[in-house]
Amino acid sequence: MTTYNLALIGFGGVNRALAELIRDEPQRFAALGFELRVVAITDLAFGSLVQGDGIDLAAVLAMPRGSSFDGLPGGSSDPRNEEVIKNSPADIIVEATFTSPVDGEPAVSHVRWALESGKHVVTTNKGPVALYGQELTQLAASNGVRFEYEGSVMSGTPVIRLAHKMLGGLELNAVQGILNGTSNYVLGRMEDGLRLNEAIAEAQERGYAEADPTADIGGSDVRLKVAILANELLGTNLQPSEVDTKGIQDITSDDVAQALGKGLRWKLIGEARRTEEGRVVATVQPVALLGDHPLAGISGATNAVSFDTDLLGPVTVSGPGAGRVETAYALVSDIIAVDAFVKGAVRA
Ligand code: HSE
């Protein structure tokens with residue numbers, strides 16, 4: 001059986017959930033024809049740990065927040081990201097650090113170091129994909145490795161790979177989606193009578209919203225995801241700054257109630273569309289949808305994307321768009337894609 005050595009960059013919720021899956025369910029991976037061994041972990045809080053024979057995941061998962069890898073064999077209180085990414089015996093770098101919407105750092109550097117060192121990268125990080133996706137994919141190809149990022153949009157719900165692999169032979173001219181669970185949850189709770197601030201507080205309590213929910217409510221989280229979908233699926237090279245973006249911060253309880261009275265539902269919609277002249281334009285904005293629209297019935301923190309195809313009409317996929325296990329599954333699906341590449345089933 002093939003063994004892949006992993007380096008986990010960032011040891012927060014998502015990479016911890018992946019480590020738990022590897023610790024608890026080796027049979028899940030054996031059934032796919034490979035074994036996963038974590039040989040390095042780096043984290044701003046814990047520091048770094050490199051053990052070529054495989055890290056004892058039960059032991060590191062049991063370490064309380066605030067402790068350090070310093071003192072363990074191969075451990076340090078310094079994250080040493082560059083050294084670990086370039087020199088650890090990892091085949092696959094699993095990048096799950098904080099997303100910077102401004103410059104994508106430090107994740108962009110992590111991805112570059114890995115690809116230039118001939119290591120595959122799987123990531124859930126929207127920043128590098130939205131800002132430099134095409135460049136990093138080319139860098140991977142020129143180094144004979146893969147750059148995979150299914151979890152950058154809708155966590156483990158397969159959107160990018162599904163559109164690439166399952167919609168072949170169809171002309172795709174637009175994608176439209178509910179791509180932020182927090183804002184969709186908030187709009188739904190406003191339909192139940194809550195005010196915007198009360199609904200945001202509830203979304204934070206439930207762990208959907210970020211500690212600072214500005215990116216969720218103001219639309220900038222969706223802006224990154226729309227840029228990724230436009231570039232992946234409509235063959236363009238948009239920067240997030242070119243996506244005209246408006247969030248739900250100005251929607252009032254009265255707006256929501258009035259719309260409901262007319263059979264309409266406010267949703268924060270991200271859209272990329274090819275114009276008749278062949279240009280791709282992308283927007284993020286609140287839209288009051290008619291009840292029979294494919295996205296009108298998407299409630300709570302669920303996400304959905306509707307592909308506008310020529311032969312099938314709208315094809316809609318819905319599922320979770322966040323969550324630690326759900327996002328860790330996106331990394332698993334990326335590792336499966338790397339395995340297919342390594343075994344010769346997919347060309348660079
Ligand atoms: N805070 C985001 C959401 C999670 O609410 O959808 C992942 O981007």
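When a ligand or atom number is given, it counts from 1 through the structure's own listing order. Count residues from 1 along the sequence. Quick caveat, the model's predicted, so the values are computed rather than measured.
Counting non-hydrogen atoms of neighbouring residues, nucleotides and ligands closer than 6.0 angstrom, the CE atom of M63 exceeds 12 such neighbours.
Inspection of the E135 and T137 side chains reveals no N or O donor paired with an N or O acceptor under 3.5 Å. At a cut-off of 3.5 Å, with distance as the only test, a side-chain donor of R80 or S48 sits close to an acceptor on the other residue. T99 and N125 share a donor-acceptor pair across their side chains, judged by distance under 3.5 Å alone. Between the side chains of E83 and N81, no donor N or O sits under 3.5 Å from an acceptor N or O. A side-chain donor-acceptor contact under 3.5 Å links E35 and T3.
Under 4.0 Å from any atom of ligand 1, one finds heavy atoms of residues K126, N180, G181, T182, Y208, E210, D216, D221, K225, G321, A322.
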